[in-house]
Amino acid sequence: MSIFDITKEFARVGRNQVRNIARLVSRQPIVTPSLASMTLDMDDVVLAHQLLNDPSCWQEEETTRYELEFAQWNGSLQAFAFMSGREALSACIQALGLQPGDEVIMPGYTCVVVPNAFQFAGIKVVFSDIEVETYGLDAKHIANKITSRTRVILLHHLYGLVCRDYVETIEIARANGLAVIEDCSQSTGALFRGRKIGNLGDIAFTSSEQSKVLNTVQGGMAWTNDLSLATRLSEVYQRWPLPNAKWIDYQLTNVILNYYQFKDSQRWWKGDLMALRYGSKRLISTSKEDEQGIHPSYYGRRMAAPIAALGINQLCKVDTYNDQRRRTAVYWDQWCDTNGYNKPVVIPGSVPVFLRYPVMVEPEKKRDTSWSRSELGVTLGVWYVSHRHPVRNGVDGCPKAEQAVSQCVNFPCII
Ligand SMILES: *Cc1c(COP(=O)(O)O)cnc(C)c1O
């Protein structure tokens, strides 16, 4: 650690503890349910230590095993693991054979890394408005956005919900000869008509970044049920390198760091201790480069075996955690009813996983979320704070997305 890093970590710890004392004095909870690293437990920490201490226990076939187990769990033909959701998306773009100048229609309410993946491939991104029942693409606006260059529609399922216009969007795509990519990053494991999401479109991906349903700190998966797309996906996969040893070391260290910072019941002090020890290895998921739409140098990696080992461990727990999320959602449903807010819509035939429970509140309650700590004992998430989160520049012509940007807050669902 450089002197600069040490100073920075000490300053951070100092600020944290001052804040903790202020909370104690004002009788607010010191720790609140986590919105990050929700599914990390001591078994993940033990595994990360093992993998760090003894790289000889890395088994190359772990990645294949993870892909097979995921595909089976997800009810999909073939799955391929990458180092992030965005890289998995880039692999999908290549597998579909999209070319520079082609156009994609996608929701104007997303993470910046999603449009970036298309832009890196020279594809023009056309944003279309969402509905505010499930925060997915509003099918009624899609037809207006189709041009002779449109090749693909990206639909997403947010907050653990299944998007309202799932079937209709796919029908529009089919009628117009367009491919469908499903972004399942926030709803991994949600069901629609008895089947996991991500199996109705042509190709799909998810993220196992630390704030998602499955957590490998960073990671992603792409899958398809189409044999020829699977072959093309596998060609991209074979071409792409693994991350280097330093990256793997950092990522495994982040399992330990994140557990103590975000999940351990005594995280208010253990987190700081671990930050002093490991803080110089902290990985961030969206960098300044990503925000500026600059192609990161590392981009395009398949998943390394020790990261897949973490994924396999997460898969063992995912159904239990998703059950727990659904139970918490019942509590938030009651809260909405009591307080006069609209509940998110669970579409007929769907079983959501409630990564986070989204509610539209008054804009001032999103601008300053501190009320929730004292009133509800939880900290709110603010996905999304802009159309291309977290980049602040707006996107024109998406008024419903605009409304969600100013009003949608997210309650934690593992509490
Ligand atoms: C997190 C997320 C992504 C990107 O996943 P990374 O693993 O961070 O690249 C894409 N789309 C949605 C909706 C997400 O929530």
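Start at 1 and go down the list; that is how both ligands and their atoms are numbered. From a predicted model like this one, the values you see are computed outputs, not experimental measurements.
No donor-acceptor pair under 3.5 Å is formed between the side chain of Arg164 and the backbone N or O of Val132.
Ring orientation note: the planes of His157 and Tyr166 are nearly perpendicular, at an angle over 60° on the 30°/60° scale.
Using a heavy-atom distance under 4.0 Å as the criterion, the protein contacts of ligand 1 are Ser84, Gly85, Arg86, Cys111, Val113, Val114, Leu158, Asp183, Ser185, Gln186, Ser207, Glu209, Lys212, Gly219, Tyr384.
Contacts of Ser370 classified as side-chain hydrogen bond (donor to acceptor under 3.5 Å, both in side chains), with partners at least two apart in sequence or in another chain: Asp368. With sequence neighbours excluded, the residues forming a side-chain contact (heavy atoms from CB on, under 4.5 Å) with Leu68 are Thr64, listed by chain and number. Qualifying side-chain contact (heavy atoms from CB on, under 4.5 Å) partners for Glu103, counting only residues two or more places apart in sequence or in other chains: Lys124, Val126, Thr147, Arg149, Thr150.
Taking 4.5 Å as the limit, some side-chain heavy atom of Trp247 sits within range of a side-chain heavy atom of Arg301.
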